[in-house]
Amino acid sequence: MGRPSPGFVLAITRSTGWRRLGLAWLAGAVGALAMPPYGFLPALAVSLSVAVWLIDGAGAERTALRRVWPCVLIGWAWGFGYLTAGLWWLGQAFLVEADEFLWAMPLGVIGLPFALGLFYGAGFGAAGLLWARGPARIAALAFGIGAAEWLRGHLFTGFPWNTLGMALAQNLWTLQWGAAIGLYGLTILAVLICAAPATLATGSHPRSRFGPSAAAAIALVGMALYGALQLGPPDPVVTGVRLRLVQPNLPQDAKFRPENRADIVDRYIELSQRPTEGGEPEPTHIVWPESAFPFLIQRDPDALAKVAAGLKPGQHLITGAARAEEPLPGERLRYFNAVMVIGADGRISDSYDKVHLVPFGEYLPAPLDAALRASGLRQFVAIPGGFSAGTLAAQRILTVPGLPPVAATICYEAIFPHAILPATAASVPRPPGLILNVTNDAWFGDTPGPRQHLAQARLRAVEEGLPLVRDANTGISAVIDPHGRIVAQTALDTETWLDADLPTRIVGGTLYGQFGDAAFALMLAACLGGALTARLRA
């Protein structure tokens with residue numbers, strides 16, 4: 001007979017019905033405390049340990065196939081709680097134009113986590129099929145959650161926000177593992193480490209009881225030591241480059257009003273021309289955030305000339321801006337969310353169109369588009385017909401005079417692992433030298449949202465071995481080196497500017513940059529193999 005479990009564990013394992021689902025929801029919600037900006041890793045250990053005990057109870061006397069449905073429900077409830085607690089700040093966006101969108105707040109705050117919880121339901125169901133008493137069930141859970149998180153990040157346009165691997169991506173030392181195994185590899189490790197304490201209360205033998213937690217502690221210490229060794233002196237900087245990131249702190253409800261166009265342009269120019277402090281060199285490159293103008297600057301020669309006149313000779317501006325493309329006969333005007341490069345001569349020398357648009361924010365999904373518009377609804381951004389996505393074939397590295405090749409991303413494009421560099425990046429004469437991320441987080445106010453966005457973009461820098469230059473309308477703007485060290489950053493909801501040098505890239509790149517999710521696939525296969533072997537033996 002196995003070692004008796006403590007009373008509280010027995011209460012969890014023996015729970016049924018709505019009580020079981022309520023415990024799963026609450027456990028998931030507790031796990032969200034491990035995400036930015038809180039970063040409390042023990043919360044995820046509590047959360048996943050409870051998940052293990054719930055699955056223990058769901059399948060105590062059942063065959064694997066009969067265990068699946070209860071595990072699916074547990075996983076759905078766990079994911080629903082986790083995402084509700086981690087994404088509640090999405091409701092802030094519905095308050096920007098409350099007269100038009102307030103009614104839809106429950107769809108974003110409750111409906112989205114409710115639907116995305118199905119991924120965790122599928123993952124817990126897969127774990128239930130592999131479930132066996134003993135430490136191997138931790139591997140089964142890691143396989144199920146790891147696969148579910150990867151699918152959540154790829155299916156239906158993908159939404160890898162607050163993937164569990166972010167629990168290990170906030171400490172600078174453990175963050176370094178992102179360069180080898182990426183976000184989804186970190187997710188596997190996060191589940192293996194944080195679910196291991198579940199065996200302390202249920203192990204039948206000292207080795208199976210204490211072994212997983214001891215292994216998890218050793219792994220966590222080993223990760224930290226490896227990361228500390230990877231961090232040497234500050235990365236060198238690119239000579240002849242001085243960046244100025246302009247953060248205008250424009251309220252969202254005023255940012256897109258055409259009547260504010262002159263004042264907005266004047267604010268950008270005034271911040272761009274502020275004198276440097278402490279005898280620092282003049283900026284060579286100025287960055288403005290996503291959708292900087294409430295008009296099409298490419299079609300406004302006077303405004304374009306005014307912007308160019310605000311640049312000093314040799315300076316270049318990189319700015320977010322909406323772009324329009326002449327339609328073919330019978331088609332409507334197409335709009336793109338773009339990044340443009342503007343020189344002191346007023347010429348737009350290069351641009352990039354956002355590929356990965358935000359559903360319901362920048363466009364209405366095709367299957368629902370006609371029906372939603374017929375009912376008078378539109379996407380958050382008031383562009384006629386919504387933005388069009390740039391094509392993958394046109395996605396390219398930006399050419400900016402005086403800078404290494406720039407891998408441009410707009411807004412939440414920076415949350416997608418191994419999607420930062422276009423397929424054509426390998427064919428350019430020089431490899432990319434930095435990741436540029438222009439964004440507008442004003443939609444979400446002073447909530448965890450902007451902080452979570454920054455943390456995820458920071459992990460992209462480590463994965464790819466490239467410095468990150470991030471300019472946000474209301475913050476947080478930052479320059480981050482390829483090891484994830486924040487060189488300089490601004491405060492949230494502050495009108496300011498940030499001058500900084502550009503760190504150099506990691507020579508030779510990173511393992512993750514070269515092989516993507518190959519390490520994650522091997523880790524997933526290892527978890528599957530270990531869990532399946534234990535299940536067959538049982």
Side-chain angles (χ1 to χ4, degrees), residues 1-35 38 40 42-88 106 109-134 137-138 140-145 148-149 152 162 164 167 190-191 194-204 209 212:
M1 295 182 61
R3 173 182 175 274
S5 301
F8 73 92
V9 176
L10 286 175
I12 293 171
T13 58
R14 292 174 179 175
S15 62
T16 58
W18 288 106
R19 186 162 182 260
R20 173 192 286 167
L21 295 183
L23 285 171
W25 189 95
L26 183 60
V30 168
L33 292 174
M35 295 297 107
Y38 314 109
F40 187 57
L44 189 60
V46 172
S47 178
L48 291 177
S49 293
V50 172
V52 170
W53 298 330
L54 288 170
I55 299 176
D56 282 343
E61 303 296 338
R62 300 178 181 181
T63 65
L65 289 177
R66 292 182 63 190
R67 182 185 302 123
V68 171
W69 179 242
C71 291
V72 168
L73 290 177
I74 290 169
W76 166 79
W78 188 95
F80 183 21
Y82 171 70
L83 293 172
T84 302
L87 298 177
W88 62 266
V109 176
I110 303 298
L112 181 64
F114 184 96
L116 292 177
L118 295 174
F119 285 103
Y120 295 95
F124 277 51
L129 280 173
L130 300 167
W131 210 251
R133 291 293 183 180
R137 69 197 201 276
I138 307 303
L141 186 62
F143 169 79
I145 292 181
E149 290 284 45
R152 179 164 75 92
N162 276 4
L164 290 190
V191 177
C194 292
T199 64
L200 290 172
T202 57
S204 58
R209 181 184 173 192

Any heavy-atom pair between the side chains of E149 and L164 that's under 4.5 Å? yes
Give me the atom names and distance for the closest heavy-atom approach of L21 to A77. O-CB, 3.6 Å
What are the two closest heavy atoms between A51 and F124, and how far apart are they? CB-CE2, 3.8 Å
Should I145 and L48 count as side-chain neighbours, where that means a heavy-atom distance under 4.5 Å? yes
Please report the closest heavy-atom contact between V52 and L141, naming both atoms and the distance. CG2-CD2, 3.8 Å
Close side-chain approach of L116 to F80, heavy-atom, < 4.5 Å: no
Donor-acceptor check, side chain of T84 to backbone of G81, threshold 3.5 angstrom: yes or no? no
Contact summary for G128 and C71, nearest pair of heavy atoms: CA-SG, 3.8 Å
Give a yes or no on whether the backbone of L10 and the side-chain of T13 come within a donor-acceptor separation of less than 3.5 Å. yes
Please tell me if the side chains of L73 and R20 come closer than 4.5 Å, counting only heavy atoms from C-beta onward. no
Taking the side chain as every heavy atom from C-beta outward, state whether R133 and D56 have any atom pair closer than 4.5 Å. yes
Would you confirm whether W131, through its side chain, and A140, through its main-chain N or O, come within 3.5 Å as a donor-acceptor pair? no
State, with a plain yes or no, whether a side-chain heavy atom of L83 is found less than 4.5 Å away from one of F114. no
With rounding to the nearest 0.5 angstrom, report the CE to CG distance, M35 to L87. 10.5 Å
Would you call W78 and S47 a side-chain contact if the rule is heavy atoms closer than 4.5 Å? yes
Heavy-atom closest pair (V109 atom, P113 atom, distance to 0.1 Å) is O-CG, 3.2 Å
Shortest non-hydrogen separation from R209 to L200 and the atoms involved: NE-O, 3.1 Å
With no hydrogens and no angle check, is any side-chain donor or acceptor of R19 less than 3.5 Å from a backbone partner on T16? no
